[in-house]
Every structure is written in structure tokens, then in C-alpha cells.
Amino acid sequence: EPEVTQTPSHQVTQMGQEVILRCVPISNHLYFYWYRQILGQKVEFLVSFYNNEISEKSEIFDDQFSVERPDGSNFTLKIRSTKLEDSAMYFCAIPGGRDRVSYGYTFGSGTRLTVV
Amino acid sequence: GQNIDQPTEMTATEGAIVQINCTYQTSGFNGLFWYQQHAGEAPTFLSYNVLDGLEEKGRFSSFLSRSKGYSYLLLKELQMKDSASYLCAVNPRIGNYQLIWGAGTKLIIKP
């Protein structure tokens, strides 16, 4: 069983539409991260979430993005008005171990978002 | 600026050894990570170096030289399943987990 489950695995949406990507860890974590990877490009940090608040965000994470923890277990990344350039794989991640640095991240399986 | 450089692509033979290099120029340094990523999948954690020297984990080893801003990942006894992209990432400061990522090295294993 994966430690982090993401849904949907693939979403196709029309430009301007809102999408919600979901991430469910197998156990409770205080730290969550969202990354994205445009096809063939680098992994890019979007936002980190600690104890129900955003702790850091990148320049990519502008006003069209938001993160929530709606029910204490799963996390969502919302993109309000999608653009073509939002097409990418979106990964959520949790610390890989109790020492949240030295074990790296455990990534979810990802959501492939395609904006048409 | 922050920059991480890796070769774009490498080819090696099954059973052989390959070394993938990574150089970095970052505003600070609090550790370097190597991840493996198969096409269409999420990255998976391989190794972490924060002090100079070699860390060995089975067939994979990672080396770090902080003074040179240099790391390498060494893969031994290559198997076909090792065909993947290998990503180098740096944590530039303490208390921050916003990693800076390299573009990855695509490793092709030939029989």
C-alpha cells in the first residue's frame, strides 16, 4: 500500500476551469509539500504546509493556487482558473522519516493535469 | 542564482558501473539528495549527503565534496531496471525544505 495516495491520477480540463487535486497520506503528518514537474523539465517546488498553515511558497504559487486540509487527513491543491502552462505532473510529498531531512521525501504517485 | 548541473543523458552496459556527476552553486548548503525517477512516475529517494565523503547503500553510493560543490552517484552491477532519470537536488538552507532540483540525467542501460 502506498504511503501517499493522490487522486485523480490523470485529469483533463478546459482552460479557465477550476481543478482540485487530492493527496491522502497513510498516517498523520504535520508537513506536506506540493511539487510540480512539467513534462521533460525540472521538479519545481510549489508550497510547503505545516500544521495547517502554509509555511513557504514559491513564485509559481500565485493567487490562482490554494492549499487546504479540509478534514484533517487529506490535502488538496486547488487551481482556480487553469492555464495551458499549468499542464504538468503534480506531486504531493511527505517527509520520508522522523528526521524530516535525511530521509528525503516520499512522493505520491502524482496527478497528471492536462489543460486543453 | 541557484544552479544545479547534471549531464543530460548517459549510456551504460548491463553489469557495468556508471558514475553520474552533479555540480551545484547555491546560496547555501544543507544537504544534497539523489532521487531515481522512472518515466511517468514519481521520484523515489536514493541517498542524502550533508558531510563530505562517500555514503554506500548496496549497489548505489553517493559522494559529496562541499568545497568543490560536487557530488556523484555511483551505480554498480547495473541492471536493466536501473534505466531511469537520476535527479540531484540541494537543500540550500537550514529550516527550509524547498529543494533546488537539477534537470536530471537520463540513464540508458544496454544489454
Side-chain angles (χ1 to χ4, degrees), chain A residues 2-7 9-10 21 23 25 29-51 54-61 87-114, chain B residues 1-9 22-51 53 55 57 60 62 64 71 73 84-106:
Chain A
E3 287 197 50
V4 184
T5 302
Q6 287 188 246
T7 57
S9 57
H10 190 186
L21 312 182
C23 174
H29 289 274
L30 292 177
Y31 292 93
F32 270 84
Y33 310 87
W34 283 98
Y35 280 83
R36 79 173 185 187
Q37 187 177 29
I38 295 170
L39 185 64
Q41 296 189 24
K42 296 180 183 182
V43 176
E44 299 174 293
F45 171 79
L46 292 177
V47 66
S48 59
F49 198 77
Y50 171 68
N51 203 23
I54 291 175
S55 56
E56 289 198 78
K57 59 183 180 180
S58 70
E59 293 176 354
I60 301 168
F61 195 87
S87 295
M89 280 288 282
Y90 287 81
F91 296 107
C92 68
I94 58 174
R98 287 188 179 179
D99 173 351
R100 69 180 182 102
V101 174
S102 60
Y103 289 93
Y105 292 118
T106 296
F107 283 89
S109 54
T111 293
R112 179 172 297 284
L113 176 65
T114 303
Chain B
Q2 319 261 43
N3 196 45
I4 296 179
D5 290 313
Q6 307 177 232
T8 303
E9 187 175 296
C22 170
T23 58
Y24 61 90
Q25 303 89 37
T26 54
S27 55
F29 182 83
N30 190 38
L32 184 143
F33 298 83
W34 283 96
Y35 283 82
Q36 181 190 61
Q37 186 177 30
H38 286 97
E41 298 182 9
T44 55
F45 171 74
L46 291 178
S47 69
Y48 170 72
N49 294 71
V50 68
L51 299 176
E55 295 279 343
K57 269 190 187 181
F60 292 5
S62 56
L64 175 68
S71 173
L73 180 69
S85 286
Y86 291 85
L87 314 180
C88 175
V90 171
N91 185 7
R93 58 185 170 97
I94 296 173
N96 174 15
Y97 213 20
Q98 183 181 151
L99 298 187
I100 310 298
W101 294 79
T105 299
K106 183 178 180 180

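Letters go in sequence order (proteins before strands), and every chain restarts at 1. Keep in mind the model is a prediction, meaning the values are calculated, not measured.
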_According to side-chain contact (heavy atoms from CB on, under 4.5 Å), who are the partners of B:Thr23, at least two apart in sequence or on a separate chain?_
B:Asp5, B:Gln25, B:Tyr70
*Gap between atom CD of B:Gln37 and atom CZ of A:Phe107 - 0.5 Å precision*: 8.5 Å
_By side-chain contact (heavy atoms from CB on, under 4.5 Å) - contacts of B:Glu41 (at least two apart)_ = B:His38
*Between A:Tyr35 and B:Trp101, what is the ring plane arrangement, given parallel below 30°, perpendicular above 60°, and tilted in between?*
perpendicular
*Are more than 12 heavy atoms from other residues, nucleotides or ligands located less than 6.0 Å from atom NZ of A:Lys57?*
no
_chain B contact via A:Gln37 - which portion, at a heavy-atom distance below 4.5 Å_ = side chain
*Looking only at heavy atoms, which two atoms of A:Gly108 and B:Ala42 are closest? And how far apart?*
O-CB, 3.0 Å
_Rounded to the nearest 0.5 Å, what separates atom CD1 in B:Ile100 from atom CD in A:Glu44?_
10.5 Å
*Check whether any side-chain heavy atom of A:Tyr105 lies under 4.5 Å from a side-chain heavy atom of B:Tyr35, and answer yes or no.*
yes
_With rounding to the nearest 0.5 angstrom, report the NZ to CG distance, A:Lys42 to B:Leu87._
11.0 Å
